[in-house]
Amino acid sequence: MCGIVGYIGKRKAVPILIEGLKRLEYRGYDSAGLAVLEDGKLHTEKVAGKIVSLEKLIKGMDFHARLGIAHTRWATHGIPNDINAHPQIDCTGRIAVVHNGIIENFRGLKGYLEKRGHKFTSDTDTEVICHLIEEYYDGDLMEAVRTAMSQVTGTYGIAVISLASPNEIIAARRGSPLVLGQADGETFLASDISAMLRHTKQVVYLEDNELARITPDGFEISTIENIPVTREIQEISWTVDMIEKGGYPHFMLKEIYEQPLTIRNAMRGRLNFEEGTARLNGLNLQFEELRHINRIIITACGTSWHAGLIGEYLIEEYARIPVEVEYASEFRYRSPIVGDGTIVFAISQSGETADTLAALREAKRKGATVLGICNVVGSTIARETDGGVYIHAGPEIGVASTKAFTSQITVLSLITILLARMRGMSADVGGRLIRALDEIPDLVEEVLKEDEEIKKIAEKYYNADNFLYLGRGLNFPVALEGALKLKEISYIHAEGYPAAEMKHGPIALIDDRMPAVVIAIQDSVYEKVISNIEEIKARKGRVIALATEGDERIKSLVDDVIYIPKSIPFVSPLLISVPLQLLAYHTAVLRGCPIDQPRNLAKSVTVE
Ligand code: AGP
């Protein structure tokens with residue numbers, strides 16, 4: 001949830017640390033800090049607030065240190081204030097630690113350390129790590145960290161520096177990502193490669209229960225049990241440009257506009273037009289294994305969970321395999337039944353979501369084959385699954401997930417076609433679905449041309465306090481996602497419902513102050529949805545309809561219409577999601593909300 005940056009090398013560390021922190025600000029942003037070693041002293045500067053507050057704090061301080069660690073925090077233990085900001089330091093002021101994750105047994109450890117005379121200054125769980133290292137230090141910082149971390153339960157990604165070891169940074173990881181980057185005479189450490197991409201693309205990911213001794217010339221990795229680890233350096237293909245805003249005012253808008261490309265990337269090399277099916281080699285399953293799947297469980301959180309629900313509708317309808325979609329946070333604790341022939345899909349943009357990771361581990365413990373649908377290559381979920389499909393959406397920086405969602409739906413559509421073709425769907429039908437998918441990037445371009453119209457609609461409704469989102473069938477989860485986008489970034493209360501469910505309760509809320517966004521495309525339930533619209537209008541409700549291009553009738557029934565290009569229902573969630581993202585975006589901009597970093601949220605939720 002928080003962000004870590006470390007640097008050791010030939011250049012001044014502080015500008016590199018600050019720049020890296022800015023790239024990680026989306027991971028957490030309630031306080032920030034750094035620690036450097038220079039002139040025989042450990043200097044620690046930290047402050048509540050965003051990175052800009054840290055920049056103000058250190059303005060005019062001319063640090064020349066070549067080694068340092070830095071952190072941007074999203075509080076879990078202790079309120080966001082200057083004292084609880086990281087780095088945390090030990091009693092002697094010689095050891096500094098930055099930490100992502102949660103130390104579950106910190107109370108017990110703190111009690112023990114206090115009895116040994118250690119003095120604590122913060123409310124953080126992190127501070128116990130500093131005092132443990134201090135307690136165990138006996139001439140080798142790496143060994144002290146190893147002993148300290150073997151005492152803790154919970155999750156951590158840490159970076160440690162000490163005055164006693166002025167030529168190294170020690171890193172350790174369990175459950176919270178850390179990546180090392182190598183360049184000529186300098187080494188980088190970060191919780192996310194975006195923090196070092198400007199300097200190097202040669203990286204190595206630390207695995208759980210590993211430590212690294214980092215020097216300007218490289219790093220040495222070993223397990224917590226002190227077994228040396230050799231790992232090859234990987235070359236990362238993401239460019240710095242890919243993570244910049246690219247001229248858009250917000251990452252979210254940029255990412256919405258990237259969708260024709262990202263959907264195309266999710267399909268690239270995977271459409272088999274001749275045989276009317278999909279190629280998904282990463283699943284690592286033999287034809288026979290795929291044919292024998294008799295049940296699918298999809299587990300995920302938030303937007304990824306909504307994508308999973310769309311997957312359920314698609315797979316059940318076209319491949320006729322029963323699917324259950326579980327919130328990962330529930331799945332991990334409710335002793336799920338995982339029988340023979342059950343495949344579990346874990347969906348996660350970041351690949352680091354703690355609940356999803358725990359759910360996949362639980363499924364594996366129960367003997368299931370677990371497949372991942374992830375964006376971040378080399379992320380923990382991607383590595384721990386038996387196989388899977390990358391969505392290839394590129395870095396998603398806006399906290400509100402947009403392009404990852406449509407790429408997840410694209411991949412789930414491909415999985416549906418693959419499974420359906422093994423279960424009797426004809427090549428003809430498969431071919432029609434494949435061609436419909438292939439047209440989607442162009443159709444999304446068309447939808448994006450409605451941006452100005454959608455903005456005008458947002459101008460009419462942005463003062464509302466509540467919104468209702470209604471859809472049916474495959475587009476019910478799309479309504480849920482539309483509501484989530486609006487509430488995340490505009491702070492307007494919004495609820496998604498199956499359109500017909502409205503009369504069982506939510507209809508009581510309808511009046512002229514509660515707009516309803518209704519997905520009313522011309523599919524098999526069109527007439528039923530029209531009746532739902534009439535019910536809302538009869539109660540003076542205002543309706544924004546998402547309708548099929550050319551549907552003139554709906555104009556007279558509703559207040560505003562957003563038209564969606566004609567296509568088959570199979571691909572409709574891909575088209576309808578985009579205007580709902582834009583509606584949420586413009587509404588939030590009009591309300592003056594911080595689009596890319598909504599309050600209380602972080603991009604990657606790596607705590608339970
Ligand atoms: C999406 O807009 C949200 N910020 C959030 O619900 C997110 O989808 C969820 O935390 C899951 O993240 P993941 O896909 O990285 O696992």
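When a ligand or atom number is given, it counts from 1 through the structure's own listing order. Since the model is a prediction, treat every value here as computed from it, not as a measurement.
- A donor-acceptor pair is defined here as one N or O able to donate and one able to accept, closer than 3.5 Å; no such pair exists between the side chain of E316 and the backbone of Y313.
- Atom 6 (O) of ligand 1 has its closest protein heavy atom at G302 CA, 3.2 Å.
- Under the 3.5 Å distance criterion, with hydrogens and angles disregarded, a donor-acceptor pair is assigned to the side chains of E19 and H199.
- Without hydrogens or angle criteria, D596 side chain to M252 main chain gives a donor-acceptor distance under 3.5 Å.
- Both the sub-6.0 Å distance and the 45° axial angle are not jointly satisfied by R173 relative to the ring of Y156.
- Each of the atoms 1 (C), 2 (O) of ligand 1 lies under 4.0 Å from some heavy atom of S401.
- The ligand atoms of ligand 1 that sit less than 4.0 angstrom from a heavy atom of S350 are 13 (P), 15 (O), 16 (O).
- Within ligand 1, the atoms closer than 4.0 Å to a non-hydrogen atom of Q349 are 13 (P), 14 (O), 15 (O), 16 (O), numbered from 1 in the order shown.
- Proximity of a side-chain donor or acceptor of E255 to a complementary backbone N or O of G398 within less than 3.5 Å is detected.
- Distances below 4.0 Å separate heavy atoms of S348 from the following atoms of ligand 1: 13 (P), 14 (O), 15 (O), 16 (O).
- Protein heavy atom at the shortest distance from atom 9 (C) of ligand 1 is C301 O, 3.7 Å.
- With hydrogens left out, the protein atom closest to atom 10 (O) of ligand 1 is V605 CG2, 4.0 Å, a heavy atom.
- In terms of protein heavy-atom proximity, atom 12 (O) of ligand 1 is nearest to T353 OG1, 3.5 Å.
- In the vicinity of A400, heavy-atom distances shorter than 4.0 Å reach the ligand 1 atoms 2 (O).
- Counting only N and O atoms by type, the side chains of Q259 and T402 include no donor and acceptor under 3.5 Å apart.
- Close contacts of ligand 1 with S304, meaning ligand atoms under 4.0 Å from a residue heavy atom, involve 8 (O), 13 (P), 14 (O).
- Taking distance alone, with nitrogen or oxygen atoms compared against 3.5 Å, I347 stays at or beyond that limit from ligand 1.
- Of the heavy atoms in E488, only side-chain atoms (C-beta onward) come closer than 4.0 Å to ligand 1.
- Between the side chain of T410 and the backbone N or O of T406 there is at least one donor-acceptor pair closer than 3.5 Å.
- Among protein heavy atoms, the minimum distance from atom 7 (C) of ligand 1 is reached at T303 N, 4.1 Å.
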